[in-house]
Protein chains: 2
Amino acid sequence: MKKFKAHTSTCPIVHTMTYIGGKWKPIILGRLLNGAVRFGKLAVQIPDISRKILTEQLKELEEDGLIIRHSYNEKPPRVEYELSEIGQTVIPVLMAMTELGSKMHEAITKHKRRVTRAH
Amino acid sequence: MKKFKAHTSTCPIVHTMTYIGGKWKPIILGRLLNGAVRFGKLAVQIPDISRKILTEQLKELEEDGLIIRHSYNEKPPRVEYELSEIGQTVIPVLMAMTELGSKMHEAITKHKRRVTRAH
DNA sequence: TTCATTGGTTACATGAACGTTACCACTTTT
DNA sequence: AAAAGTGGTAACGTTCATGTAACCAATGAA
């Protein structure tokens, strides 16, 4: 998905999509709602994401200032990610998406059955 | 971006991303908040989307039951799209995204200036 | 008669996003 | 001595979503 250039648009939804529009970003952010989480734990909780993509997405989120990376100098290493102050502002969107998800999925499944029967 | 298979997941956010996760879908839906809009008007209001992609995305949204397509048998043709009942349930997410967009964009722009100065 | 209008479709091309596999450094545990 | 645990990186491949350009039918207007 070619990314938007946030600065060329005035539409607030475009801005939002620019920063959290990726396939995985809302899901990652959703895992950080209850506080800092280690890299490895994220990888387990989001089984379909590869470590490489997870690393990339986390780096982008950090560059945009949505999350903070804490690296503890231990062996084996420990790295935790948590929502920054800016990241906290995304919470209402994540909540709305969570609220919507299950209800909508059910409704759409029903809708599709109706359409299929009418073939 | 490879799409999620909604039925293989139990995460509500994944469901939401499945149905409105495309680059353009939230923006299109945002244009329908105030009632039915003609195809051509959508194309003008979202200048960076091509007619082909607009057609495709509208078709997907219709198949998922989020919008309703009204085709009037006139020459030249007139086609209008509006939010369905299911589509209305997305409004809170769109509102949250709108609310977030401008605030977050400003905050992130500031953040990036800080980071750049610290080089 | 030629142009504009409208809502598309078709064929083709592209690249960003995503994925897979292998590898690394360093320590503790077995 | 070998394996496990951790958080990555590098080199490669793939594919889907997106984009461009040209075209269409039917009517009314110039």
Side-chain angles (χ1 to χ4, degrees), chain A residues 1-6 8-9 13-14 17-29 31-32 36-64 67-82, chain B residues 1-6 8-9 13-14 17-29 31-32 36-64 67-82:
Chain A
M1 176 168 45
K2 196 156 155 195
K3 275 188 184 148
F4 295 106
K5 307 287 176 192
T8 67
S9 173
I13 294 186
V14 171
M17 296 297 287
T18 303
Y19 297 117
I20 64 167
K23 179 181 182 182
W24 297 109
K25 283 182 182 173
I27 297 165
I28 294 172
L29 292 171
R31 294 297 166 181
L32 301 183
V37 180
R38 295 184 68 158
F39 179 87
K41 200 165 179 188
L42 282 174
V44 170
Q45 290 186 347
I46 314 175
D48 289 344
I49 196 175
S50 67
R51 304 172 81 68
K52 180 202 164 202
I53 300 296
L54 181 55
T55 305
E56 280 177 15
Q57 301 293 307
L58 287 169
K59 197 171 289 178
E60 282 187 28
L61 288 170
E62 196 203 353
E63 281 168 8
D64 286 341
I67 62 175
I68 301 172
R69 179 179 185 276
H70 301 281
S71 174
Y72 302 92
N73 198 17
E74 305 171 356
K75 300 294 160 94
R78 177 160 65 102
V79 178
E80 289 181 348
Y81 294 90
E82 69 171 336
Chain B
M1 177 169 43
K2 199 159 157 190
K3 274 187 183 147
F4 294 108
K5 307 286 178 195
T8 65
S9 173
I13 294 187
V14 171
M17 296 297 285
T18 303
Y19 297 117
I20 65 166
K23 180 182 181 181
W24 298 109
K25 284 181 181 174
I27 297 165
I28 294 171
L29 294 171
R31 294 297 165 178
L32 302 182
V37 179
R38 295 184 68 161
F39 178 87
K41 199 165 179 187
L42 282 174
V44 170
Q45 289 187 348
I46 314 175
D48 288 345
I49 194 174
S50 68
R51 304 173 81 68
K52 181 203 164 204
I53 300 298
L54 181 54
T55 303
E56 278 178 18
Q57 301 294 305
L58 286 168
K59 198 172 288 178
E60 281 187 30
L61 287 170
E62 196 202 352
E63 280 168 7
D64 286 343
I67 62 174
I68 301 172
R69 180 179 185 274
H70 301 282
S71 173
Y72 301 93
N73 198 16
E74 304 171 0
K75 300 295 158 101
R78 178 159 66 102
V79 179
E80 289 181 348
Y81 295 90
E82 69 171 337

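So you know, we letter chains A, B, ... as the sequences are listed, proteins then strands, and number each from 1. Computed from a predicted structure; not experimentally measured.
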Worksheet item: Between atom NZ of Lys59(B) and atom CD of Glu62(B), what is the distance when rounded to the nearest 0.5 Å?
Response: 9.0 Å
Fill in: Nearest-Å distance for atom pair CD1/P, residues Ile20(A) and dA17(C)
16 Å
Worksheet item: What is the distance from atom CG of Leu29(A) to atom CD1 of Ile13(B), rounded to the nearest 0.5 Å?
Response: 8.0 Å
Discussion item. Side chain of Trp24(B), heavy atoms from C-beta onward: which of dC18(C), dT9(D), dG19(D) has the nearest atom to it?
Written reply: dG19(D)
Worksheet entry | Spatial distance of atom CG (Leu58(A)) from atom CD1 (Ile28(A)) [nearest 0.5 Å] | 5.0 Å
Fill in: Watson-Crick or G-U stems of DNA chain D, 3 or more pairs, under 3.5 Å, by first number
C:1-30 with D:1-30
Practice prompt. Test Tyr19(A) against Lys25(A) for side-chain contact (heavy atoms from CB on, under 4.5 Å), laying out the working first.
Written response: CA-CA 9 Å; Tyr19(A) 297 117; Lys25(A) 283 182 182 173; over 6 Å; no
Worksheet item: For the residue pair Met17(A) and Gly22(B), what are the closest heavy atoms and their distance?
Response: CE-O, 3.3 Å
Worksheet item: Could you state the interatomic distance from CZ (Arg38(A)) to CD (Gln45(A)), rounded to the nearest 0.5 Å?
Response: 12.5 Å
Worksheet entry | Protein-nucleotide distance (Leu42(B), atom CG; dG8(C), atom P), rounded to Å | 10 Å
Discussion item. Under 4.0 Å from OP1 or OP2 of dC18(C): is there any side-chain N or O of Gln57(A) that close?
Written reply: yes
Item to complete: Report yes if at least one side-chain N or O of Lys59(B) is closer than 4.0 Å to OP1 or OP2 of dT9(C); otherwise report no.
Response: yes
Practice prompt. Please determine if a side-chain N or O atom of Tyr81(B) lies less than 4.0 Å away from the OP1 or OP2 oxygen of dG8(C).
Written response: yes
Worksheet item: Heavy-atom distance under 4.5 Å between the side chains of Trp24(B) and Ile27(B), does that happen here?
Response: yes
Item to complete: Kindly write out the residues that satisfy side-chain hydrogen bond (donor to acceptor under 3.5 Å, both in side chains) with Gln57(A), not counting sequence neighbours, or none if the list is empty.
Response: none
Worksheet item: In whole angstrom, what separates Lys23(B)'s NZ from dA17(D)'s C1'?
Response: 9 Å
Worksheet item: With respect to the phosphate group of dT6(C), does any side-chain polar atom (N or O) of Arg38(B) fall under 4.0 Å of OP1 or OP2?
Response: no
Worksheet, complete the sentence: Rounded to whole Å, the CD1-P distance (Ile49(B) to dG19(D)) equals 7 Å
Worksheet item: Rounded to the nearest 0.5 Å, how far does CD of Glu80(A) lie from CG of Leu32(A)?
Response: 10.5 Å
Discussion item. By the 4.0 Å heavy-atom rule, please label Glu56(B) as base, sugar-phosphate, or nothing.
Written reply: base
Worksheet, complete the sentence: note: Met17(A), atom CE; dA17(C), atom P; distance rounded to Å ~ 12 Å
Item to complete: Sugar-phosphate atoms are those with a prime plus P, OP1 and OP2; base atoms are the rest. Using that split, label each nucleotide of nucleotides 20-30 of chain D B, S or - for protein heavy atoms under 4.0 Å, 5' to 3'.
Response: B-----SS---
